[in-house]
Amino acid sequence: MRMAKGVEWALHTLLNLDMVGGGPVGSGQLAEAHGLSPSYLNKQLQQLARAELVVSVPGPRGGFSLAKPLETITLLDVVVAIEGAAELFQCTEIRCSGKIGELSPPPKGACAVSAAMRRAEQSWHDALAAQSLADIKADLDRSPLVRQVVRSALT
């Protein structure tokens, strides 16, 4: 399984918005701080806004700010905001295809492979839902330099 880079940028951006604190930060400023294309990061920010994780503030001093505290934003919230909620594994019932399908009686019940993959995906979702961005922030707070660098880059 591979996640898009947008998830990583979204996570860092949400943490950066918290570190700056206070007013909104422009998407161009956020993009420049990490050497990203402003249009690329703006796309991620729009997805975060649709998921109500950030709010967009219009005007010359506008930009983006957190919509809610980091304690209430989980890793799963961010992954779903950027990647969507579609299931990763799509069972196509290949157990019913080819010679095996021709020679086998019609299968009864759920596909064992599909059931195993669903359990694994649910475990992954549970693990992401169990971690908030505040948990990550706690790790970052152990290094005051991180906050100082972010503030310097975004102010």
- Considering only heavy atoms from C-beta outward, does the side chain of Ile136 approach that of Leu75 to under 4.5 Å? yes
- Item | Glu93/Arg95 ion pair, N-O < 4.0 Å | yes
- Taking Glu52 for its side chain and Ala67 for its backbone only, find out whether a donor-acceptor pair lies under 3.5 Å. no
- With the 4.5 Å side-chain cut-off for hydrophobic clustering, are Val57 and Leu14 part of the same group? no
- Message: Quick check: closest heavy atoms across Pro107 and Cys96, and the distance to 0.1 Å?
- Response: CG-SG, 3.3 Å
- Find out whether Leu66 and Val55 are in side-chain contact, i.e. whether some heavy atom of one side chain is under 4.5 Å from a heavy atom of the other. no
- Around atom CG of Leu103, are there more than 12 heavy atoms of other residues, nucleotides or ligands at under 6.0 Å? yes
- Message: Let me check something: do Leu128 and Leu88 share a hydrophobic cluster, defined by ILVMFWY side-chain heavy atoms less than 4.5 Å apart, either directly or through other members?
- Response: yes
- Task: Decide yes or no for Leu30 and Leu17: does some side-chain heavy atom of the first lie under 4.5 Å from some side-chain heavy atom of the second?
- Result: yes
- Message: Assigning hydrophobic clusters by single linkage (Ile, Leu, Val, Met, Phe, Trp, Tyr; side-chain heavy-atom cutoff under 4.5 Å), is Val80 placed with Phe89?
- Response: no
- Spacing of Ile82 atom CD1 and Glu8 atom CD [to the nearest 0.5 Å]: 12.0 Å
- Message: I'd like to know if Arg118 pairs up with Glu87 as an ion pair, taking the criterion as any Lys NZ or Arg NE/NH1/NH2 lying under 4.0 Å from an Asp or Glu carboxylate oxygen.
- Response: yes
- Message: Show the nearest heavy-atom pair for residues Thr74 and Ala129, with the distance to one decimal.
- Response: CG2-O, 3.3 Å
- Reported CE-to-CD distance for the pair Met117 and Gln90, which is rounded to 0.5 angstrom: 10.5 Å
- Message: Rounded at 0.5 Å granularity, tell me how far CG in Asn42 sits from CZ in Phe64.
- Response: 5.0 Å
- Query: Between Thr72 and Asp77, which heavy-atom pair has the shortest distance, and what is it?
  - Reply: O-OD2, 3.6 Å
- Item | From OG (Ser132) to CG (Leu70), nearest 0.5 Å | 7.5 Å
- Item | Shortest non-hydrogen separation from Ala33 to Leu154 and the atoms involved | CB-CD2, 3.5 Å
- If you round to the nearest 0.5 Å, how far is CH2 of Trp9 from CG of Leu41? 8.5 Å
- If every non-hydrogen atom of Met19 is compared with every non-hydrogen atom of Leu140, which pair is closest and at what distance? CE-CD1, 3.4 Å
- Item | Distance, nearest 0.5 Å, that separates OG1 of Thr13 from CG of Leu53 | 12.0 Å
- Might you confirm whether atom CD of Gln46 has over 12 heavy atoms from other residues, nucleotides or ligands at distances under 6.0 Å? yes
- Task: Can you establish whether the number of heavy atoms outside Lys5 located under 6.0 Å from its atom NZ is more than 12?
- Result: no
- Transitive ILVMFWY side-chain link Val149 to Leu15, under 4.5 Å: no
- What are the two closest heavy atoms between Pro38 and Ala31, and how far apart are they? CA-CB, 3.6 Å
